Amino acid sequence: MLTFIARRLFVSLWVFLAASLVMFVLAVNVRDPLSEARQLPDGQREAALAALTERMNLDEPVFVRYFMWLANAITGDLGVNRQGQSVNALLAERFPATIQLLTAATVLAIVIGITVGVLSALRQYSGLDHTVTFVAFVCFSLPVFWVGTLLKQYVAIDLNDWLRDPALAPMVILLISVVIGLACSSLLLGDRRTRLTVFGTTTVGMALLLWALSATRWFADPGLGVIVIALTAVAGAVAFTTLVSGLDFKSPTMRAALAAAAVGIVCSFALDPVLADPSLLTLLLLIVVTVGVCFGLGWYIGGELFRRSAITAAVLTGLFTGAVIFTDRLLQAFAAYSAHSRIRGRPISTIGPSTPNFDGTFWELRLDSFGHLVLPTMALMLVSLAVYTRYTRASMLEVMNQDYVRTARAKGLNERAVVTRHVLRNGMIPVTTLVAFDIGTLIGGAVITERVFGWKAMGLFLTEAIEQGDPMPMMAFFLVAGGAIVLFNMIADIAYAFLDPRIRLS
């Protein structure tokens, strides 16, 4: 493995250097950097030309300028732009905005897309499969700028107006309940009677829940409460245990997961003073402590035979319970955030990464970031979600028809073991390649989405440099985007060996 990584690093370095040379030659020839200075009056022209020539080293040959840039880049100095501003400072300003914009969209697209793709493959040619296929193709064909405009109108403007008096009409309650009922019934493989029973039960239950939330004006001052947190944590423990080792309420794995859920519920009360207005460092420390405690629970309760599955289920349950508590704290801060003088009852924003001059608690600041992220995240997620769904479905179906999968079923393995241990791991190999390439390219920014929603990130950083004929910002963009592509493709190659032990990287 180490030999493979060293060899890939060596080859990637030379490829990266060759690409940087080509990129530099293209960047310095995008346009004449002195064209604007030549149009100045006679008294200012010569001084401007001399200043730009000295600042951009225009009196040197292209290859000399490249090696000068390369030597400075190795030491961490990316030079200055045409105006004399430090490119390092400009990059430090734009890159965090790109990470903030793309992390949520990428993670959600990967998780939701792969999950929906797996379910679609397991329910091939069912109503769920046909619906997912239709929605995926529609989302893939939507132009991003058009989606952004629709989101601004129907999610930002209309939703903000609705939040001033959040009450659900009976027709809206009925429509949402029917859609959720159809979705739940489509996940089952039982007969028609079973599906109709699940559909009716789910539809009626969701209608009653939405009516109660609307009648109590929950949407104006939301929160989960201890009962919902406890039920959700227990449901998460059961779900993770089923995924890891199968549904068995008496197994050590289930006991470890339920213990992790119980500890999380107790800590939500015990840590109330800490969670009132924490810092980001405090939350990171709590995550580390959560993993450590859940690891210990799984190690102790799992014993020798079930230790591995118990640790996995307990850690996943603990992190899930922590996420539920985090969500509850965000919801509790919504009313105060929406009533803030800088927000004025419009929490869903359409421009920029944050509200100017906004100052609030930790939870209110997180809500402000979420309100600015929700629209561009949805716009970016739709296309990627469709791609991951289709690739996952196709890969899963191909693997499910292999001989070793039929052999696993013939040996008596249950369907959960066949899907998780054989089909899913091998089906993720093509998707891993797609994920690595997608993450690497997204680091370079999303030009159209950034323009639609007024984000100053890496995409606009590149387009502004091209418009001005400024090679140093272009090369800085190449370093970040090209380096990310090389890095994540190497991570994908290494991940192949863990997904399929038959792949050897030596």
Side-chain angles (χ1 to χ4, degrees), residues 110-112 114-123 184 187-190 194 198 229-267 287-325 392 395-396 399-400 402 404-429 431-432 495-502:
I110 292 172
V111 174
I112 298 176
I114 291 177
T115 302
V116 174
V118 170
L119 293 176
S120 180
L122 296 177
R123 305 291 188 269
C184 292
L187 295 175
L188 298 178
L189 289 177
T194 302
V198 172
I229 293 176
L231 292 176
T232 307
V234 172
V238 174
F240 288 124
T241 303
T242 304
L243 182 64
V244 172
S245 63
L247 183 60
D248 183 2
F249 288 99
K250 297 181 180 180
S251 68
T253 303
M254 179 67 76
R255 293 202 302 269
L258 290 175
V263 171
I265 296 169
V266 173
C267 289
I287 292 175
V288 174
V289 172
T290 298
V291 173
V293 171
C294 294
F295 184 93
L297 288 174
W299 179 277
Y300 177 74
I301 299 176
E304 293 291 338
L305 296 178
F306 299 92
R307 182 163 291 163
R308 182 176 179 180
S309 60
I311 291 174
T312 303
V315 170
L316 291 176
T317 302
L319 293 176
F320 175 74
T321 305
V324 173
I325 297 171
T392 303
S395 180
M396 289 282 292
V399 174
M400 288 169 66
Q402 299 296 319
Y404 64 85
V405 175
R406 287 193 289 268
T407 302
R409 289 195 175 101
K411 290 192 305 181
L413 287 180
N414 58 57
E415 191 65 17
R416 183 200 61 81
V418 172
V419 172
T420 57
R421 297 180 186 177
H422 297 279
V423 179
L424 185 60
R425 289 185 63 176
N426 291 279
M428 286 300 100
I429 294 178
V431 181
T432 301
Y496 296 155
F498 291 95
L499 291 172
D500 189 349
R502 295 173 299 176

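Just so it is clear, the model here is predicted, and its values are computed rather than measured.
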Quiz item: Phe320 and Thr232: side chain to side chain contact (heavy atoms under 4.5 Å, CB included), yes or no, with the steps?
Solution: CA-CA 9 Å; Phe320 175 74; Thr232 307; 3.7 Å; yes
Self-check item: side chain to side chain contact (heavy atoms under 4.5 Å, CB included) assessment of Phe240 paired with Val315
Solution: CA-CA 10 Å; Phe240 288 124; Val315 170; over 6 Å; no
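Annotation: salt bridge (Lys or Arg N to Asp or Glu O under 4.0 Å) contacts involving residues 298-325, sequence neighbours excluded, comprise Glu304-Arg307. Residue pairs satisfying the side-chain hydrogen bond (donor to acceptor under 3.5 Å, both in side chains) criterion with at least one member in residues 246-256, sequence neighbours excluded, are listed as follows: Thr253-Ser309.
The two atoms that bring Ala408 and Val418 nearest to each other are CB-CG2, 4.2 Å, heavy atoms only. Closest of all the heavy-atom pairs between Thr317 and Gly236 is OG1-O, 4.2 Å. The heavy-atom pair separating Ala233 from Thr321 by the smallest distance is CB-OG1, 3.6 Å. When all heavy atoms of Met254 and Ala237 are compared, the pair lying nearest together is SD-O, 4.4 Å. Across all their heavy atoms, Ala256 and Ala314 have their closest contact at O-CB, 3.9 Å. For Pro252 against Ala310, the heavy-atom pair with the smallest separation is O-CB, 4.4 Å.
Taking the six-membered ring where tryptophan is involved, the planes of Tyr404 and His422 are tilted, since the angle between them lies from 30° to 60°.
Contacts of Phe306 classified as ring pair (Phe, Tyr, Trp, His ring centres under 6.0 Å), with partners at least two apart in sequence or in another chain: none.
When atom types are taken as modelled, the side chain of Ser120 and the backbone of Val116 share no donor-acceptor pair closer than 3.5 angstrom.
With rounding to the nearest 0.5 angstrom, the CG atom of Leu316 is 11.5 Å from the CD1 atom of Ile311. In this structure, CG in Leu424 is found 11.5 Å from CE in Met400, a value given to the nearest 0.5 Å. Put simply, CD1 on Ile229 and CD1 on Ile265 are 8.5 Å apart, with the number rounded to the nearest 0.5 Å. Considering CG of Asn414 and OG1 of Thr420, their distance stands at 8.0 Å, rounded to 0.5 Å. Taking CD1 of Ile114 as the start and CE of Met428 as the end, the distance is 5.0 Å to the nearest 0.5 Å.
Each of Val289, Thr290, Val291 was scored for a side-chain contact (heavy atoms from CB on, under 4.5 Å) with Val293, with one residue passing: Val289.
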